[in-house]
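FYI, the numbering just counts along the sequence from 1. Since this is a predicted model, take the numbers as computed values, not measurements.
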Amino acid sequence: MSTLKHLVAERRVSDSPGQSTSGASQSPALLVFKWDNRSWVLPWSYFLGAHHETAESDEQLTLSFSLCAVVVKGKRLDLLLADIASYRLESLRELPQKYRDGAASAPSIWEITVTPAEVR
């Protein structure tokens, strides 16, 4: 096999889907689903940053994208930060009231608000 063919073959193997050096593949976009049949596809390439804060009874996570901001309210949202930092978070979905107590160790989302980004 010629050197060029060998290099191309090696490149194809290294670029094949599902492989990554960190052990988990990155998601190209974040899918956001609300129970009122609205949904968004937000490319991670437009992601600007995230902010997490804890209040008395719940937590708030704000994800800033160049075109909009996603505000998530719930519990144990800090567990999502590592996946957000590595672009591995694939989706966010509101959890109905009757299922909130059943997810004792996992993040629980009870409200998502998507608003257009502020123009400066």
Side-chain angles (χ1 to χ4, degrees):
M1 184 183 303
S2 73
T3 304
L4 180 58
K5 285 183 182 180
H6 183 67
L7 290 173
V8 169
E10 284 180 357
R11 179 65 183 247
R12 285 186 180 153
V13 168
S14 68
D15 288 346
S16 64
Q19 293 189 5
S20 99
T21 56
S22 67
S25 61
Q26 293 180 341
S27 176
L30 174 66
L31 302 170
V32 178
F33 301 99
K34 289 187 56 75
W35 282 104
D36 62 2
N37 294 322
R38 290 187 294 161
S39 55
W40 293 262
V41 177
L42 303 170
W44 282 116
S45 59
Y46 290 9
F47 180 64
L48 301 174
H51 174 74
H52 175 263
E53 58 186 276
T54 303
E56 290 181 21
S57 61
D58 62 358
E59 298 173 37
Q60 181 171 304
L61 178 64
T62 303
L63 303 171
S64 299
F65 290 84
S66 59
L67 301 175
C68 66
V70 179
V71 177
V72 179
K73 293 183 180 178
K75 290 260 188 212
R76 295 172 298 285
L77 300 178
D78 58 326
L79 299 175
L80 300 174
L81 292 174
D83 286 338
I84 291 168
S86 60
Y87 305 111
R88 289 185 312 225
L89 185 65
E90 294 179 3
S91 64
L92 294 171
R93 184 180 308 266
E94 292 175 326
L95 192 62
Q97 175 70 35
K98 63 182 178 180
Y99 298 112
R100 291 182 192 163
D101 294 332
S105 62
S108 179
I109 298 171
W110 51 70
E111 183 182 347
I112 299 174
T113 307
V114 179
T115 57
E118 295 179 13
V119 179
R120 296 178 189 211

According to side-chain hydrogen bond (donor to acceptor under 3.5 Å, both in side chains), who are the partners of [X], at least two apart in sequence or on a separate chain?
X: Asn37; answer: none
X: Asp58; answer: none
X: Thr54; answer: none

4.5 Å side-chain heavy-atom contact, Ser105 and Arg76: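 Answer no - side chains too far apart.
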4.5 Å side-chain heavy-atom contact, Ile109 and Leu61: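 No, too far: nothing below the 4.5 Å cut-off.
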Salt bridge (Lys or Arg N to Asp or Glu O under 4.0 Å) contacts in which one or both residues fall within residues 36-54, not counting sequence neighbours: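 Pairs touching residues 36-54 that pass the test: Asp36-Arg38.
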Euclidean distance, Leu42 CG relative to Phe47 CZ, rounded to 0.5 Å: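 Phe47 atom CZ to Leu42 atom CG measures 10.5 Å (nearest 0.5 Å).
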Reported OG-to-CD distance for the pair Ser108 and Glu94, which is rounded to 0.5 angstrom: 11.0 Å
Lys34 atom NZ: more than 12 heavy-atom contacts under 6.0 Å: yes
With Glu59 via salt bridge (charged side-chain N to carboxylate O under 4.0 Å, His left out) - residues at least two apart: none
Salt bridge (charged side-chain N to carboxylate O under 4.0 Å, His left out) partners of Asp83, counting only residues at least two apart: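 Only Arg88 meet the salt bridge (charged side-chain N to carboxylate O under 4.0 Å, His left out) criterion with Asp83.
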Ala50 to Ile84 - nearest heavy-atom pair and separation: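 Closest approach of Ala50 to Ile84: CB-CG2, 4.3 Å.
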Which atom of Ser27 lies closest to which atom of Ala29, heavy atoms considered: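 Closest pair (atom of Ser27, atom of Ala29, distance): OG-O, 2.8 Å.
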Joint cluster assignment, Leu81 & Leu77, ILVMFWY side-chain distance < 4.5 Å: yes
Verify same cluster id: Leu89, Tyr46 (apolar side-chain graph, 4.5 Å):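 Yes, because Leu89 and Tyr46 connect within a single hydrophobic cluster, where side-chain heavy atoms sit under 4.5 Å apart.
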Results of ring pair (Phe, Tyr, Trp, His ring centres under 6.0 Å) for Tyr87 - residues two or more places apart only: Trp44
Hydrophobic cluster (4.5 angstrom, side-chain heavy atoms) - remaining members for Leu31: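 Members alongside Leu31: Phe33, Val41.
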Let me check something: any side-chain donor-acceptor pairs from residues 62-71 under 3.5 Å, sequence neighbours excluded? List them with distances.
none

